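Provided herewith is a single structure, encoded as structure tokens, for subsequent inquiry.
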Amino acid sequence: MLLETGYRPGPAAALRESLHRIRAMAGNNTLIRLRDPGQTISYVVMPMVLMLVLEPLYVRAVDGGTTKVVTGLLVMFSVFAISIAGNAILAERTWKTWDRLRVSRAPAAELLIGKTLPIYVVMIAQQTILLIYGCLVIGLPIPGNVPLVLGAILLWAFTLLAIGALLAAIVRSHGELSVITDVGALTLSSLGGALVPLSLMPEWAQVAAQASPGYWALELLQAAVAGDTAGVLKPAAILLGIALVCGAFAIRRLTRGWGRGGLL
Amino acid sequence: MLQAIDLVKRYGPVLALDGFSLSVAAGEIVGLVGHNGAGKTTFVEIVSYLVRQDGGHVTIDGRPPSASRGRVGVAPQHIALYPSVTVREHLNLFGKLAGLRRAALDSAVEELTVALRLGAFIDRRTAALSGGQQRRVQAATALINRPGLLLLDEPTAGADLETREAMLDVVKQRAGEGAAIVYTTHYLPELVELQATIAVARSGRIIARGTYDELVDGLPGEVRLIHDNEEEVRVSTTQPAATLIDLLGRAERPISTIEVHNPSLDDLYRSLAVSDAP
Ligand SMILES: Nc1ncnc2c1ncn2[C@@H]1O[C@H](COP(=O)(O)OP(=O)(O)O)[C@@H](O)[C@H]1O
Ligand SMILES: [Mg+2]
């Protein structure tokens with residue numbers, strides 16, 4: 001009458017079961033995102049308004065001002081979206097639900113994929129919407145190499161997701177997380193040249209900028225929008241490195257759970 | 001089904017478990033009781049592989065906890081539900097994570113909806129539910145795939161009467177089907193109703209294990225009389241009926257209140273402390 005316990009599925013069946021569980025997790029997290037859309041919406045609408053307002057300024061101040069205003073604000077607000085990822089993951093701890101998932105049949109890898117996939121989609125959607133808006137409303141020339149731009153977005157969103165997961169794994173509360181993401185996002189992205197074009201910033205800032213993922217994201221996106229395949233490589237490699245390091249740390253922490261020791 | 005031998009767990013200077021041994025057979029309900037901090041929840045966490053022990057062994061059907069993922073149903077001590085997700089969505093999520101699909105999933109959801117009386121709020125978000133309702137939802141998510149081992153950590157804490165009744169019925173039914181069940185509680189009458197084996201934890205180990213008859217039946221209860229002038233008489237006794245008749249026979253004034261208390265868990269803890277002493 002009880003479920004038999006010694007059953008081992010073959011590889012094809014195991015994959016099917018795995019996908020079934022990932023779909024369940026991802027579905028649940030999509031529901032949660034859809035029922036609490038405020039932050040996501042504001043991180044799409046705010047940069048739209050700012051692009052519109054700042055565009056004339058940029059065009060007068062620097063060469064290629066239109067590209068710079070669109071990619072700059074896109075990068076800045078995509079960095080803010082780290083807090084969406086961080087809060088979504090941290091909430092599993094606040095709600096104590098992560099431990100419930102950890103005792104389920106789903107291995108940690110499935111839980112992480114099911115958890116982060118919907119957030120990844122949200123981040124990609126945010127950036128894609130802003131780029132399309134940039135082309136249609138702000139006058140950004142339509143990129144010649146669309147797959148390259150898409151690849152750049154996928155990579156940058158992946159980096160942000162990994163950073164967000166890492167933050168969620170190490171902070172102790174939602175308050176701490178929002179301080180880090182708000183201050184961090186503003187500093188990193190403006191230092192990276194997302195708010196004011198780098199060429200207008202003081203010299204020390206131009207040097208310091210290279211330490212910011214935001215700087216490399218801008219390089220990446222501007223090269224991708226310009227169809228400069230060779231120019232994409234260096235920033236892409238650096239961002240991928242950052243993503244892999246952050247992601248590895250986050251996975252290590254999250255698969256072990258938070259335990260009761262550091263409860264909020 | 002479940003065998004734990006000599007478990008040790010340290011949290012810094014705190015010895016949460018200190019030689020904790022407990023076994024539960026298929027179809028058996030073990031009522032795990034003990035003061036707060038006795039180590040009950042730590043034991044549950046080790047068996048469910050959320051926490052690693054520093055010493056000792058656990059096997060579940062012959063396997064270690066690491067190889068038993070998904071075979072153990074756990075209802076944690078604290079409510080752990082998604083606030084914006086409905087009851088039905090919770091059951092579907094945990095059912096799917098346990099590998100249930102379509103018809104099997106639907107019938108499991110249907111069965112638990114009836115058994116734990118979730119029907120009236122099945123499509124409400126859990127944030128909008130009362131504490132007792134949340135308890136029932138939490139238990140339902142632990143029971144959804146009929147696991148062979150159930151760990152229910154204070155499933156009736158803060159629960160209303162309806163929740164308690166439904167919970168006890170389901171637990172009895174699952175034990176009848178052959179599940180091994182660890183049930184922690186602070187209410188002795190629940191364990192009487194479940195006909196559970198009682199295991200008493202103190203300071204990280206099990207200090208007594210037996211049936212109600214073996215552990216509690218011989219302990220003194222209390223008879224309490226209040227006269228019409230508020231004067232009170234309390235007698236500790238192992239034979240409440242005889243004591244009551246005797247007291248009534250000797251009463252010199254009219255009596256306004258009569259109370260007979262069966263032995264409580266606290267009486268049990270006290271008796272163990274005494275018999276424990278060197
Ligand atoms: N994560 C933890 N960090 C530090 N101490 C802990 C942790 N978990 C449990 N303890 C300690 O271990 C002891 C046993 O706790 P617990 O298992 O929760 O007892 P019970 O469930 O019987 O009330 C307590 O002293 C508690 O403070
Ligand atoms: Mg406890």
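Labels below follow one simple rule: chain letters A, B, ... track the order of the sequence lines, proteins then strands, and each chain is numbered from 1. This one's a predicted model, so the numbers in the text were calculated from it and none came from an experiment.
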Next item on the list: Flag the pair Arg35(A) and Glu89(B) as a salt bridge only when some basic side-chain nitrogen lies within less than 4.0 angstrom of an acidic carboxylate oxygen.
Entry: yes
Item checked: Residue Gln195(B) excluded, over 12 heavy atoms near CD under 6.0 Å -> no
Checklist line | Contact origin within Ala26(B) toward chain A - heavy atom pairs under 4.5 Å | finding: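 Neither part; nothing is under 4.5 Å.
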Next item on the list: For chain A, find which of His90(B), Arg101(B), Arg52(B) contributes the most heavy-atom pairs closer than 4.5 angstrom.
Entry: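 Counting heavy-atom pairs under 4.5 Å, the top option is Arg101(B).
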Checklist line | Contact class of Ser68(B) relative to chain A, heavy atoms under 4.5 angstrom | finding: neither
Checklist line | Step-by-step side-chain contact (heavy atoms from CB on, under 4.5 Å) determination, Thr97(A) to Tyr82(B) | finding: CA-CA 7 Å; Thr97(A) 40; Tyr82(B) 297 98; 3.5 Å; yes
Margin query: Can you tell me which of Ser48(B), Gly99(B), Pro83(B) forms the most heavy-atom pairs within a distance under 4.5 Å of chain A?
Written below: Pro83(B)
Item checked: Shortest non-hydrogen separation from His20(A) to Leu100(B) and the atoms involved -> NE2-O, 3.0 Å
Item checked: Proximity breakdown for Arg125(B) and chain A, heavy-atom pairs closer than 4.5 Å ->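 Just its side chain gets close to chain A.
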Notebook entry, point to check: At a heavy-atom separation under 4.5 Å, does Ile32(A) approach chain B through its side chain, its backbone, both, or neither?
Noted result: both
Margin query: Please classify the contact between Leu111(A) and chain B as side chain, backbone, both or neither, with a heavy-atom cut-off of under 4.5 Å.
Written below: side chain
Next item on the list: Classify the side-chain pair Arg69(B)/Ser104(A) by whether it contains a donor and acceptor separated by less than 3.5 Å.
Entry: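 There is no such pair (donor and acceptor under 3.5 Å, judged by atom type) between the side chains of Arg69(B) and Ser104(A).
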Next item on the list: Let me know if Glu92(A) has heavy atoms under 4.5 Å from chain B in its side chain, its backbone, both or neither.
Entry: side chain
Notebook entry, point to check: Given that the side chain runs from C-beta out, which part of Thr126(B) has a heavy atom under 4.5 Å from chain A: side chain, backbone, both or neither?
Noted result: neither
Notebook entry, point to check: How long is the gap from NZ on Lys96(B) to CD1 on Ile22(A), to the nearest 0.5 Å?
Noted result: 14.0 Å
Checklist line | Side chain proximity check, Pro76(B) to Arg100(A), heavy atoms < 4.5 angstrom | finding: yes
Notebook entry, point to check: Where does Leu81(B) contact chain A at under 4.5 Å (heavy atoms): side chain, backbone, both or neither?
Noted result: both
Notebook entry, point to check: More than 12 non-hydrogen atoms from neighbouring residues, nucleotides or ligands closer than 6.0 Å to OH on Tyr133(A), yes or no?
Noted result: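 Yes, OH of Tyr133(A) has more than 12 neighbouring heavy atoms, counting only those of other groups under 6.0 Å.
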Notebook entry, point to check: Of the non-hydrogen atoms in Leu97(B) and Met25(A), which two are nearest, and what is the gap between them?
Noted result: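 Closest pair (atom of Leu97(B), atom of Met25(A), distance): CD2-CG, 4.0 Å.
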